[in-house]
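Below: one structure, written as C-alpha cells.
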Amino acid sequence: MTDNQQPILRKDSTSNAQHPLAKLNRLHFWLLVALNIFFLLVGQAAAVILGRFYYEKGGNSKWMATVIQTAAFPILFIPYFFISSPQNHSEGSTRSSIITVSIIYFVIGALVAGDNMLYSIGLLYLSASTYSLICATQLVFSAVLSFFLNHQKFTALIMNSVVVLSLSASLLAVNDDSDKPVGVTKSKYVIGFLATLAASAMYALLLSLMQLSFQKVLKKETFSVVLEMQIYTALVATGVSIVGLFASGEWKTLQGEMGSFTAGKLAYVMTLVWTAIAWQICSVGVVGLVFVVSSLFSNVISTLSLAITPIAAVVILHDKMNGVKIIAMLMAIWGFCTYIYQNYVDDLKARNAPSAVDDAPRQSRSC
C-alpha cells in the first residue's frame, strides 16, 4: 500500500546510522528480505484462492468478502510494537495536526473499503486466475496516474508495458465461456471484469494519494508511520465495510449461508478467518519490504504475485487454462518485466545522482 515510484525509506548514510537493521550482516539482511517476500507472495495468493473457494462452496455475501480483507488488521500491531522506528524530535515537530492526519486516514480508509468491494465483486464473477491477471493492469493505471500526479516520465518501456498489459486485459475480456465460474452468465462476467478493472484503477489512485500524503502531510517516512497508515486506514475500511454489511441486509443471510456451505460450517468459519489472516500476512510482507528495501521493490513483488496466483489457481482450484489465458498471462509477464526494468533504471539513476554532486559515499541497499 505504498507508492511505486519513490522509496519510502531513504537509506542514506545518515539514516543508516540509526536504522534498526543497519547492524545486520548481508546474510541476515537477505534472509529478512526472503521472509517478507514469502509473506507477500503466499499471503496474497492464499487470500485470492480462499476468497474464490468461499464463493464456490456457497458463500455469496459481497460485503462479508469485503470485511475480511481488512478485518484482521490488529495483526499489524505485532510488528508495530516489536520493530519501532527511532524517534526524531525535529521530524516529529513538522508533522501535521492530528485532525489533518485523521481526515487523511478516514478518506483513504473509505476509498480502501470501496476498492475492496469492487475486488469482491470481481472475484465473485471471475475465476481466480482471470481475476489475478486483470489485477495486473494496476501497473497501467499506476503509470498513467504517476504521469499526471507524480511527474513520472512516459518512456518507451513504460508505453510498451501499458500497451501490452492493455492488450492482455482485452484478450481476457473476449475470452470464451469456458472460463466463467459455474452459474455465472455472460453479463455477470462482464460486470466482474469491469469491477476488477475499476478496482485496479482505484488501487493505483490510492498508491498515488498515499505518496502525496507522505510527502506533503505526514513528512516522516519511517517504518512506524508506514505501519500506522496501514493500521488506521484498515480500521476505517473495516468499519465502513461493517456498516455496508448491515445497511445492505446481507448480515441476515449469513446464518443460512453458513448452513448451506457445502464444505461444512466449520470450513465456512475457517475460510473467512484464514482469508482475513492471509490478507494481513500479505500486508506484513508489503510493509516489511518497504522498510527493509524500498517501496518500489515491495510493489514489484506484489505485482509478481499476480502472475503466480493463476498458476496456483490452476493447481488448487482446477481453473481452466485455455490458449487465450496463457497468451494473456505471457503478455502480462512481459509487460510487467518492461515496467519493472524501467523503474529499476529510474531508481538506479536516482540513487547515483547525489554521488555525482557530493563525493561522500551514500550507503543503500539496492535490490
Side-chain angles (χ1 to χ4, degrees), residues 1-10 40 44 66 69-70 73 76 94-120 122 135-154 158 162 195-241 244 279-280 282-283 286-287 289-291 294-303 306 339 343 346-347 350:
M1 300 290 292
T2 51
D3 67 278
N4 64 318
Q5 301 299 335
Q6 298 181 358
I8 287 296
L9 201 62
R10 307 186 191 285
L40 198 162
Q44 183 159 306
T66 302
Q69 292 186 50
T70 53
F73 70 88
L76 297 178
T94 62
R95 294 188 66 181
S96 300
S97 67
I98 295 178
I99 295 178
T100 303
V101 174
S102 298
I103 292 174
I104 291 174
Y105 287 159
F106 180 82
V107 171
I108 293 179
L111 289 175
V112 168
D115 191 40
N116 290 344
M117 181 53 160
L118 290 172
Y119 278 128
S120 297
C135 286
T137 58
Q138 71 186 44
L139 287 179
V140 174
F141 297 111
S142 292
V144 174
L145 288 172
S146 294
F147 175 77
F148 289 105
L149 298 180
N150 307 118
H151 308 291
Q152 175 72 20
K153 294 181 180 179
F154 232 65
I158 293 294
V162 169
T196 306
L197 203 62
S200 299
M202 185 177 291
Y203 181 73
L205 176 61
L206 282 168
L207 294 180
S208 294
L209 291 178
M210 286 181 177
Q211 178 182 351
L212 290 175
S213 298
F214 281 117
Q215 291 176 341
K216 305 297 183 182
V217 181
L218 299 177
K219 299 178 180 179
K220 186 180 181 183
E221 302 170 345
T222 65
F223 176 75
S224 296
V225 175
V226 173
L227 258 183
E228 285 173 7
M229 172 74 80
Q230 291 275 28
I231 291 171
Y232 292 124
T233 56
L235 172 63
V236 173
T238 301
V240 171
S241 301
W279 279 121
Q280 295 312 310
C282 174
S283 293
V286 169
V287 177
L289 289 178
V290 169
F291 180 56
S294 70
S295 59
L296 169 62
F297 187 78
S298 180
N299 194 53
V300 168
I301 302 301
S302 180
T303 309
L306 297 174
Y339 181 91
N343 276 271
D346 292 341
D347 188 64

Report task. For the pair Val112 and Val236, evaluate side-chain contact (heavy atoms from CB on, under 4.5 Å) and give the outcome as yes or no after the intermediate values. Result -> CA-CA 9 Å; Val112 168; Val236 173; over 6 Å; no
Requested in this report: State the CE-CG distance between Met202 and Leu209, to the nearest 0.5 angstrom.
Outcome: 10.5 Å
Report summary line: In short, Ile108 meets Ser213 closest at the heavy-atom pair CD1-OG, 3.9 Å
Report task. To the nearest 0.5 Å, tell me how far Cys135 SG sits from Leu197 CG. Result -> 9.5 Å
Report task. State the CD1-CD distance between Ile231 and Gln280, to the nearest 0.5 angstrom. Result -> 9.5 Å
Report task. To the nearest 0.5 angstrom, please state how far the CZ atom of Phe106 sits from the CG atom of Leu235. Result -> 11.0 Å
Query raised in the report: Between Tyr105 and Thr233, which heavy-atom pair has the shortest distance, and what is it?
Result: O-CG2, 3.8 Å
Query - Ser241 side chain vs Ala113 backbone, donor-acceptor pair below 3.5 Å - result: no
Report task. To the nearest 0.5 angstrom, please state how far the OG atom of Ser200 sits from the CG atom of Asp115. Result -> 8.0 Å
Report summary line: For Ala204 and Phe141 the tightest heavy-atom approach is CB-CB, 3.5 Å
Report task. Any chance you could measure Met210, atom CE, to Leu111, atom CG, to the nearest 0.5 Å? Result -> 9.0 Å
